[in-house]
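These notes are about the structure you will find just below.
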Amino acid sequence: MRDAGLPFAVMADAKRYHVTTFGCQMNVHDSERLSGSLEAAGYIRSDGTPADVVVINTCSVRQHAEDRAYSKLGRVRDLKKTKPDSMAR
């Protein structure tokens, strides 16, 4: 993602985020709003590189979505081991 109008050197140092959404259409809408807030705060969407902020947005009403979120959290935990300064907690 290099189309933000920023010089490459600035983007290389920018904080990155990744949002994963499980659940209903409202969750998708919430994730889009959250992404916009992160971008307004200076973060850029991760292009596959490890993110500094990882958000897993899910619906706790649907058990399958919740189970998928817990599975994703296990993978984020592994990322945290390789990038301890990330905001994954």
Side-chain angles (χ1 to χ4, degrees):
M1 174 164 173
R2 200 175 156 203
D3 194 33
L6 299 173
F8 180 70
V10 172
M11 289 193 59
D13 294 336
K15 296 285 187 180
R16 299 182 186 281
Y17 75 92
H18 176 81
V19 177
T20 298
T21 307
F22 299 112
C24 66
Q25 205 52 32
M26 185 55 111
N27 293 92
V28 172
H29 175 71
D30 291 342
S31 292
E32 289 171 353
R33 290 183 59 199
L34 180 59
S35 293
S37 295
L38 287 166
E39 289 173 6
Y43 288 82
I44 60 171
R45 186 179 305 266
S46 175
D47 56 0
T49 59
D52 299 289
V53 175
V54 175
V55 177
I56 301 172
N57 184 15
T58 186
C59 174
S60 62
V61 173
R62 302 194 184 272
Q63 186 64 44
H64 181 66
E66 191 172 349
D67 293 342
R68 290 173 59 198
Y70 279 115
S71 175
K72 183 80 169 180
L73 281 172
R75 291 190 296 274
V76 170
R77 180 189 59 223
D78 295 339
L79 168 67
K80 179 72 173 171
K81 290 177 185 175
T82 62
K83 192 170 182 176
D85 292 337
S86 67
M87 293 184 71
R89 305 250 191 274

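Rounded to the nearest 0.5 Å, atoms CG (Leu38) and CG (Asp52) are 11.0 Å apart. To the nearest 0.5 angstrom, Ile56 atom CD1 is 11.5 Å from Arg68 atom CZ. Interatomic distance, Leu34 CG to Glu32 CD, rounded to the nearest 0.5 Å: 11.0 Å.
For the residue pair Asn27 and Asn57, the shortest heavy atom distance occurs at O-ND2, 3.0 Å.
Put simply, Met26 and Val28 are part of two different groups of oily side chains (I, L, V, M, F, W, Y) that touch within less than 4.5 Å, one to the next.
Judged as a side chain to side chain contact (heavy atoms under 4.5 Å, CB included), and not counting sequence neighbours, the contacts of Ser71 are Arg75.
Residues Tyr43 and Arg16 have side chains not in contact (no heavy-atom distance under 4.5 Å, counting atoms from C-beta outward).
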Can you give me every donor-acceptor pair (side chain of residues 18-25, partner residue at least two apart or in another chain, under 3.5 Å) with its distance?
{"from": "His18", "atom 1": "NE2", "to": "Thr20", "atom 2": "OG1", "distance (Å)": "2.8"}
{"from": "Thr21", "atom 1": "OG1", "to": "Ser31", "atom 2": "OG", "distance (Å)": "2.6"}

